[in-house]
Every structure is written in structure tokens, then in C-alpha cells.
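Some notes on the structure that comes next.
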Amino acid sequence: MSLSISKILQKRKSSVLEKWIQNQLSDEGLRDDLISNDELRASSEELVDILATNLNDTNIEDANSEDFEPVLEIIAGISLTRARQGFSPRETGLFVMGLKDAILSVLQEEMQEDPTSLFRESMKMIKLMDNFSIITFETFIKGREEVILRQTDEIAEISTPVIRVWDGILALPIIGTLDSARTQVVMENLLQEIVQTGSSLAILDISGVPAVDSLVAQHIIKTVSATRLMGAECIISGIRPEIAQTVVHLGIDLSTIITKATLASALKYAFSILKLEVRKTQKEKTTLL
Amino acid sequence: MDRIPILRMGPFLLVTIQVDLYDRLALTLESDLVQMVNKTGARGVLIDISAVEIVDSFMGRIIGNIASMSKILDAETVVVGMQPAVAITLIELGLPLKGVYTALNVERGMQLLRSMIDLDEDQDEDEETDE
């Protein structure tokens with residue numbers, strides 16, 4: 001009776017673990033800044049344990065077998081945390097691949113006398129571990145995508161605040177590209193705020209918009225027209241020289257819109273419309289002390 | 001048949017639309033309003049649409065029509081209290097209501113109308129003194 005791979009794995013669990021950890025520690029790319037040796041050992045040990053418990057002669061050829069669910073869970077957990085911790089795909093991949101090397105070298109020691117079964121068992125093991133590696137990558141990428149999606153949501157949320165700069169003057173700094181979806185949000189927020197505060201002037205500051213093409217200009221014109229329909233006036237500020245150049249080169253007509261170079265000059269203009277005056281006080285304030 | 005009341009306030013006409021404007025009602029309003037402007041010699045028309053929540057392109061056109069007709073009869077039109085959703089809809093329909101003055105609420109609308117009439121009268125006086 002030839003030795004089966006599962007029995008070998010169970011018997012030599014600790015030496016597999018030692019070899020694997022040795023492999024990982026000797027690797028030049030070990031990120032001991034991201035993960036401590038203890039943590040590494042703990043997660044490796046957990047994986048080897050679970051694999052040894054669940055592997056048997058029947059399921060070795062079927063990576064989708066239900067027996068491997070706990071194993072996959074652990075692999076997925078490890079790759080997800082690694083994706084969040086900022087490991088590179090290569091490092092995460094090598095983590096699982098390293099286990100394969102360790103198991104294979106143990107197999108070699110155990111089956112030295114029987115090359116045929118060594119080859120057969122090795123092939124099975126390689127296939128199984130390859131499947132595990134693929135799953136690792138899939139979950140790793142999924143983890144990364146979650147991070148990206150969360151960041152996109154956060155950017156969309158933080159970038160449309162409506163600020164009340166003065167009684168009757170609202171300011172709306174736009175940061176990031178203006179697409180249709182964002183214009184909709186910006187427009188709704190602005191109009192809602194105009195109704196709530198009864199402001200008659202709104203300043204749309206586009207200094208944070210990286211580029212203006214005809215579509216973005218279209219969106220800006222729409223927002224200005226909607227504000228006018230509500231009975232308020234909208235001033236566009238923060239137009240950089242490059243943006244002015246592109247707008248003219250594209251042949252976009254912004255002559256119906258009040259445009260100012262900076263938020264300060266827009267505010268000044270708004271004050272003049274509201275017949276407000278900002279001036280220095282003549283008298284020095286007497287301060288205590 | 002339903003009619004939207006048109007109130008007279010000095011040199012201005014005040015219309016508040018409190019119900020959803022269906023097409024026939026809007027057409028009646030248009031003709032009533034023009035008649036009224038002609039009869040009273042009003043200098044301004046103030047339309048309050050703060051209670052209107054749904055508009056279509058027809059409604060947008062009627063408002064534009066009223067403004068143009070009043071303009072011919074020497075009266076300015078101010079639309080006040082438009083809801084944000086209505087404003088967005090009109091823009092998406094491609095109806096920016098050119099030639100119509102807008103204000104946030106009735107009070108500001110009245111202020112706007114008064115300032116426009118004052119301006120006109122000032123100009124008239126200037127012209128007379130020039131002569």
C-alpha cells in the first residue's frame with residue numbers, strides 16, 4: 001500500500017509548516033513592515049491545519065469539493081486582509097505558492113523509493129494548489145475593487161458641499177471631473193439650498209475641475225440656467241487660463257454667464273449686486289490687555 | 001369650468017397657480033391674462049408657481065408665450081417660486097425660458113417688478129429732460 005498524500009500531510013504537518021515558514025522568511029521580498037513574524041506564523045499554521053484536516057484521497061482531485069470550503073474561507077480571508085494591508089498581488093500569490101513548494105518537498109522525502117507514485121501524487125497536489133492560487137487571486141482582486149469602490153463613493157460624497165458664504169450668497173466649490181451624474185447631484189443640492197436659505201446669488205467655483213470639455217461646459221450652462229429659473233443668479237469663478245483657452249478653442253459660448261477669475265472677485269461682484277460694501281474700520285478697536 | 005383667478009395689485013397682475021395645470025386650463029389662463037393686461041393696462045405680471053410640482057414642455061411653452069405676449073402689451077412677466085425639480089425638468093427639456101424674469105418668492109418678484117417700472121419711468125424722465 002503506497003502512502004497517500006493526506007496521510008503524509010497529517011503526519012508531517014509540522015515539518016511542512018516549518019519548511020513553508022522558512023521559505024517565506026528567507027524570501028527577500030518578505031514584507032516584515034506590513035506583517036509580523038508571529039502573525040505570519042499564525043495564519044500559516046491555521047491554513048496548514050485546516051488543509052491537513054480536510055484533505056483526503058477522494059477530494060484531492062476536486063478543488064470545488066465542499067470539504068475545502070473552510071480552506072477556501074481562510075485563503076479568501078487572508079487575501080482580503082492582505083489586499084487591504086497593501087500587499088502586492090505577487091506577494092499574496094507567493095504566499096500560497098510557497099505552501100505548494102513545502103508540501104512537494106515533504107512528499108519527495110517520504111516517497112523517495114517510489115518515483116511513479118511520487119509523480120502521480122505530486123501532479124494531484126500541484127493541480128489542487130494551483131486552484132487555490134487562482135482563488136487567492138480572485139479574492140485579492142475583489143478586495144482591491146472594494147477599496148476602489150469605497151473611495152469613489154467617498155469622493156462623490158465629500159465633493160459637493162454648498163457653503164453659505166454670506167447672507168444671501170452661496171458658494172459651491174466643485175472638485176473633480178463633472179460628469180452627468182455629478183452635475184445632477186450638484187444641481188439638486190444647489191437648488192435645494194437656494195430654496196432653503198432664500199439666497200439670490202450662487203457662486204460656482206470650478207478651480208478644482210481638472211479640465212473643461214464641451215460636455216462639462218454644457219453641464220455648467222445647465223446648472224446656471226436652472227439657477228436662473230429659480231430666480232437666483234449664478235456666477236462661475238475659478239476659471240484658469242488653460243480652461244479659458246480650451247473653452248474658446250472649442251467654440252463654447254459662455255457670454256451669457258457671469259464669469260470671474262477667482263472666488264474673491266466673484267464675491268466682490270456679489271457684494272456689489274447686493275449693494276454691500278466691505279471697508280476697513282476707521283477706529284482702532286480698544287483691546288483689553 | 002375651472003379658472004385660475006387673476007388678481008390686480010396696483011399696476012401689476014398677480015396669478016397664483018394652486019392646482020396642477022392641465023393643458024386646457026393653461027390655455028384659458030393665457031387668453032384670460034392677455035385680455036386682463038389689455039383691459040387694465042398693467043405694467044407687470046407676476047406668476048407664482050410655487051405649488052406646481054409637475055411641468056411638461058407645453059406648460060413651459062405657455063409660460064414663454066405669456067411672457068412674449070405681455071411684452072408686446074408693454075408688461076413684464078416675472079415667474080416666482082419655481083421648485084428645484086421643476087427647474088431641472090425645464091432645463092432638461094431644453095426650455096430655459098428666455099425673456100422671462102424669475103425671482104425666488106413673491107416678495108422679491110414684486111421688488112423686481114417695481115424696480116423695473118421705476119427704471120422705465122426714470123428713463124422716460126431722462127429722455128424728456130434731454131429734449
Side-chain angles (χ1 to χ4, degrees), chain A residues 160 162 164 166-170 172 178-202 204 214-236 252-258 270 272-275, chain B residues 14-17 21 44-57 59-64 66-67 76-116 118-119:
Chain A
T160 51
V162 182
R164 201 170 142 185
W166 205 266
D167 210 23
I169 305 174
L170 295 177
L172 183 71
L178 260 187
D179 54 14
S180 307
R182 274 197 63 200
T183 317
Q184 195 73 21
V185 177
V186 166
M187 215 196 271
E188 274 168 23
N189 281 352
L190 180 64
L191 299 190
Q192 207 58 53
E193 204 63 25
I194 286 176
V195 172
Q196 264 167 26
T197 59
S199 307
S200 52
L201 275 163
L204 207 62
S214 43
L215 207 63
V216 173
Q218 187 76 38
H219 290 319
I220 291 174
I221 292 172
K222 264 188 191 172
T223 312
V224 173
S225 314
T227 329
R228 279 197 188 144
L229 277 185
M230 300 277 305
E233 191 58 65
C234 193
I235 306 166
I236 306 290
I252 301 162
D253 183 24
L254 289 184
S255 58
T256 51
I257 296 173
I258 307 163
S272 77
I273 287 188
L274 293 180
K275 300 187 183 86
Chain B
L14 178 63
V15 182
T16 56
I17 301 174
L21 262 192
V45 177
L46 192 130
I47 306 173
D48 173 31
I49 58 165
S50 53
V52 175
E53 282 175 2
I54 300 164
V55 283
D56 53 11
S57 52
M59 163 86 178
R61 219 184 72 208
I62 290 286
I63 293 177
I66 291 177
E76 299 292 350
T77 306
V78 178
V79 174
V80 302
M82 191 181 290
Q83 296 290 323
V86 172
I88 293 174
T89 313
L90 284 179
I91 292 303
E92 294 296 339
L93 286 172
L95 294 166
L97 297 189
K98 291 224 164 72
V100 179
Y101 293 94
T102 48
L104 278 177
N105 49 36
V106 177
E107 200 182 342
R108 299 224 185 143
M110 274 296 171
Q111 237 170 38
L112 183 66
L113 272 180
R114 277 202 199 97
S115 70
M116 277 191 287
D118 284 351
L119 210 71

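Below, chains carry the letters A, B, ... as their sequence lines are ordered, and counting in each starts from 1.
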* Asked: Is B/Q83 reaching over with its side chain to a backbone N or O of B/S50, donor-acceptor style, under 3.5 angstrom?
  -> yes
* Below 4.5 Å from any heavy atom of chain B, which atoms of A/T227 appear? Answer side chain, backbone, both or neither. => neither
* Asked: Under a 4.5 Å heavy-atom cut-off, does chain B meet the side chain of A/Q184, its backbone, both or neither?
  -> side chain
* Between B/R61 and B/D56, is there a donor-acceptor pair closer than 3.5 Å when you use the side chain of the first and the backbone of the second? -> no
* Above 12 or not: heavy atoms from other molecules or residues under 6.0 Å from CD of B/E92? -> yes
* **Contacting region of B/I49 [heavy-atom separation from chain A under 4.5 Å]** => neither
* Asked: Using 4.0 Å as the upper bound for N to carboxylate O, is an ion pair formed by A/R164 and A/E193?
  -> no
